[in-house]
Each structure stands twice: as C-alpha cells, then as structure tokens.
Amino acid sequence: MKIGFIGLGIMGKPMARNLARAGHTVVGFSRTRASIDAVADAGVRAGASVADVASGADVVITMLPDGPDVAAVARGEAGLLAAARAGTLWIDMSTIDPALAAALAAEARAVGVRSLDAPVSGGDTGAIAGTLAIMVGGERADFDAALPVLEALGRAVIYIGPAGHGQSAKLCNQVVGALTLLAVSEGLVLAERSGVDAAAVLRAVSAGAAASWMLEHLGPRMLAGDFRAGFFVDLQLKDLRLVADQARRAATPLPGAALVEQLFRAVSAAGGGRLGTQALITALRRLAAAPDPIE
Ligand code: NAD
C-alpha cells in the first residue's frame, strides 16, 4: 500500500521504518527536515507537506504530540482532509481526547475519508521492535482494511468499538501505566533509603508477582540515573490531563491518577518536562530529601 506518515518523532520514526521494511511505499512528513531525513535509511521517501503526503496515499497515518496538533494537520485548506482522495483511510495513532477523535472522525466522513483512532502502548522499544499494543476505534470494516498495515507495527491489534473508543481505551492504559510507574519508583526509593542493594531488589522483584513492563524497562534506567526520554514527562502530563477530563465526564473518582499527575507536574516544574517518564523517581527522591545521584 501507499502510506503517508505524518509526525516522525520518537514513535513515528521507527513506525515509519517498520512500514517501509514490511514492503509498503511510505512517504513521510514532519515539522523538521532532520526528522524526515532520519528515516531515509529505511527507504521512507521525503514528503514536501501534509497535503503532498495525503494526496497520493491509500492510507495516511498521523503520530503527533496532542489533539490540537492532530486537528491542525487535519483541518484547513492545506490539511489532510482537504487533500486526501475520497476513500482514503486516515489512521490517527497519537494519544488525543476521545471526544476530539470522534469529532474528527465525523469531519472525515463528511468529506468521504474513512478514519480510525488507533493509539498505541509499548513505548519507544515497542515501536522499534514492532510489538506495540494498538487500540482501535471506528468502523469495523475500516479496522479490517487497516489490519495489514497495523500488523506491521504491533503484535496486538485490538478492535475496541466506535470512533473515539480506541482513545478511551488508551486513557485506561495510561492510568494503569502511570500508577505502575509510581509503584516502581516508590519501591526503588525505599530500597535506596533502606540501604539495601537496589539493583538486587530490582532483579528479585522482577522475578515475582510484582513484575511489570515498567519495572523491567524503566527500573534499570532509574537506578542508573539515565533519564533520556522514551516518553516525555510533558506528554505523560498531557495524557493525565486527558484522563482527568474523561474521569470528570464519566463521574469517576480516580485518586491515584490525580496523585501521580501532581508528582509528574513536580518533575516538569523542576525542569524535567523533556526527560523520560522514569524521572518520576526524582520527585520521590526529593520528597525523601535524598540526594539524587544525577545531580
Ligand atoms: P514526539 O514529540 O517525539 O513526536 C511528535 C512529532 O510530531 C515530532 O517529530 C514533531 O516535530 C511532529 N509534529 C508536531 N506537530 C506537527 C505538525 N503540525 N506537522 C508535522 N509534524 C508535526 O512524540 P512521541 O513520543 O513520538 O509521541 C507521539 C504520540 O504518541 C503522542 O500522542 C504520545 O502521547 C503517543 N505515545 C508515545 C509513546 C512513547 O513512548 N513515546 C508511547 C505511546 C504513545
């Protein structure tokens, strides 16, 4: 298939590469030329603009930071909805507000463009390995048509329900993920403060009932003081804001999600917005007045 890919960041770059390696013709576009050039190694061709990429594609994928970015790329005279041919399938894989996703799906339908919301979980490592979990909202027939594309990106491609429901599923994922990360941070800070060998604790806990993706992938980085981003703290804060909005709409108390949002805000306020989410442990270390090995 001919695939247009818009948004070549931490996630978009490896995803576009995997699509090209799976044999699709991929044309990429992103805000900076350097990001477009970075995926040329895998055979991703350089697009000149959003409209250029969207006009010639069977499938257009967007992987952008937030809802306003997706809306800006989709709408307007130079937007993807104006440029795409009727029948084009647009798959937005960014994490955005479910209500906005449903509204954009209706706008797409009005101009003859089919669309899916298909946010992902699995981190940058999952994007590189092509093992993402993909949660899909939209028409079932469009999901079936998208499967050959999505299967090049993930190992679990799951139909959730109508437009917006993929995003709602992703917000549930973010509650579980963020609170697991808080649990990992607290466990490791307690190990550090107790004067036990934190690396040995990490190995032992990883082999037991408290094992998790967060512990396995981000625990070692916490202990090593490696805060390079796989997922930016500021994007995690964006997701927790979307979670809070959804919880308010659903009249659902989520005390844990509210707490972890405050702690991520503390990391961002201290200048850590572009660090990876494993920097959550720095907020706990500061609360314990413990010296941070990185400082
Ligand atoms: P990122 O900031 O690294 O990438 C976003 C890219 O979009 C950047 O290259 C940016 O230049 C580009 N962009 C922004 N506005 C644009 C525009 N108007 N036109 C063209 N390009 C534009 O972020 P990321 O980590 O790749 O995340 C992308 C999405 O995936 C976010 O919604 C995020 O919440 C979600 N997500 C990220 C992870 C992760 O681990 N990083 C995991 C799951 C989901």
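Counting convention: from 1, in listed order, for ligands and their atoms alike.
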Problem - Distance-only N or O hit between ligand 1 and Val120, under 3.5 Å - result: no

Problem - Any N or O of Phe29 closer than 3.5 Å to N or O of ligand 1 - result: no

Practice task
Pull out every atom of ligand 1 sitting under 4.0 Å from any heavy atom of Phe232, numbered as shown with elements.
Solution key: 2 (O), 3 (O)

Exercise for the section: Report the nearest protein non-hydrogen atom to atom 30 (O) of ligand 1: residue, atom name, distance rounded to 0.1 Å. Expected result: Met63 CE, 3.1 Å

Problem - Thr95-ligand 1 polar pair, N/O distance under 3.5 Å - result: yes

Exercise for the section: Could you tell me if any non-hydrogen atom of Ser30 lies under 4.0 Å from any atom of ligand 1? Expected result: yes

Exercise for the section: Determine, using heavy atoms of Lys238 and all atoms of ligand 1, whether some pair is separated by less than 4.0 Å. Expected result: yes

Problem - N-O pairing of Arg241 and Glu261 below 4.0 Å - result: no

Problem - Gap separating the CG atom of Leu259 from the CG atom of Leu254, nearest 0.5 angstrom - result: 12.0 Å

Exercise for the section: Using a strict 4.0 Å cut-off to heavy atoms of Gly7, name the atoms of ligand 1 that fall inside it. Expected result: 7 (O)

Practice task
List in chain and number order the residues that pass ring-ring contact (aromatic ring centres under 6.0 Å, His included) with Phe231, two or more places apart in sequence or in another chain; answer none if no residue qualifies.
Solution key: none

Exercise for the section: Among Val149, Val120, Val136, Leu132, find the one that has a side-chain contact (heavy atoms from CB on, under 4.5 Å) with Val157. Expected result: Val136

Problem - Closest protein heavy atom (residue, atom, distance) for atom 37 (C) of ligand 1 - result: Met11 CG, 3.6 Å

Practice task
May I ask you to identify the nearest protein heavy atom to atom 27 (O) of ligand 1, giving residue, atom name and distance to one decimal place in Å?
Solution key: Leu235 CD1, 3.8 Å

Practice task
Distance to 0.1 Å, residue and atom name: give those for the protein heavy atom nearest to atom 3 (O) of ligand 1.
Solution key: Ile10 N, 2.9 Å

Handout entry: Under 4.0 Å to a heavy atom of Leu64 - the qualifying atoms of ligand 1, by number
Key = 7 (O), 13 (N), 14 (C), 15 (N), 16 (C), 21 (N), 22 (C), 28 (C), 29 (C), 31 (C), 32 (O)

Handout entry: Contact with ligand 1 for Gly230, non-hydrogen, under 4.0 angstrom
Key = yes

Fill in the blank from the handout: One finds that the ligand 1 atoms under 4.0 Å from a non-hydrogen atom of Ser94 are 32 (O)

Practice task
Report the C-alpha distance between Arg33 and Asp37 in whole Å, list the side-chain angles of each, state the deciding distance to 0.1 Å, and finish with yes or no for salt bridge (charged side-chain N to carboxylate O under 4.0 Å, His left out).
Solution key: CA-CA 6 Å; Arg33 181 73 209 191; Asp37 292 342; 3.0 Å; yes

Handout entry: Electrostatic pair Arg85:Asp58 at N-O distance under 4.0 angstrom
Key = yes

Exercise for the section: State plainly whether one hydrophobic cluster holds both Phe232 and Met15, where clusters connect Ile, Leu, Val, Met, Phe, Trp and Tyr through side-chain heavy atoms under 4.5 angstrom apart. Expected result: no

Handout entry: Interatomic distance, Thr95 atom OG1 to Gln236 atom CD [nearest 0.5 angstrom]
Key = 9.5 Å

Practice task
State the atoms of ligand 1, each with its element, that fall below the 4.0 Å cut-off from a heavy-atom position in Gly123.
Solution key: 40 (O)

Exercise for the section: Please assess Arg249 against Asp97 for the test salt bridge (charged side-chain N to carboxylate O under 4.0 Å, His left out), listing each intermediate value before the final yes or no. Expected result: CA-CA 12 Å; Arg249 283 194 291 259; Asp97 189 292; 3.4 Å; yes

Handout entry: Within 6.0 Å of CZ in Arg45, more than 12 heavy atoms from elsewhere
Key = no

Exercise for the section: Could you tell me the separation between the CG atom of Leu242 and the CG atom of Asp66, rounded to the nearest 0.5 Å? Expected result: 6.0 Å

Completion exercise
One finds that the ligand 1 atoms under 4.0 Å from a non-hydrogen atom of Val73 are 17 (C), 18 (N), 19 (N)

Handout entry: Any Lys170 heavy atom less than 4.0 Å to ligand 1
Key = yes

Exercise for the section: Check whether any N or O atom of Pro65, backbone or side chain, sits under 3.5 Å from an N or O atom of ligand 1, and answer yes or no. Expected result: yes

Handout entry: Pair Arg228 + Asp124: basic N to acidic O under 4.0 Å
Key = no

Completion exercise
re atom 6 (C) of ligand 1, the protein heavy-atom contact at minimum distance is Gly9 N, 3.7 Å

Exercise for the section: Kindly confirm or rule out an N or O of Arg31 lying under 3.5 angstrom from an N or O of ligand 1. Expected result: yes

Handout entry: Within residues 133-146 or reaching into it, pairs that qualify as salt bridge (charged side-chain N to carboxylate O under 4.0 Å, His left out) - sequence neighbours excluded
Key = Arg114-Asp142

Problem - Where ligand 1 meets Asp124 - atom numbers and elements under 4.0 angstrom, heavy-atom basis - result: 40 (O)

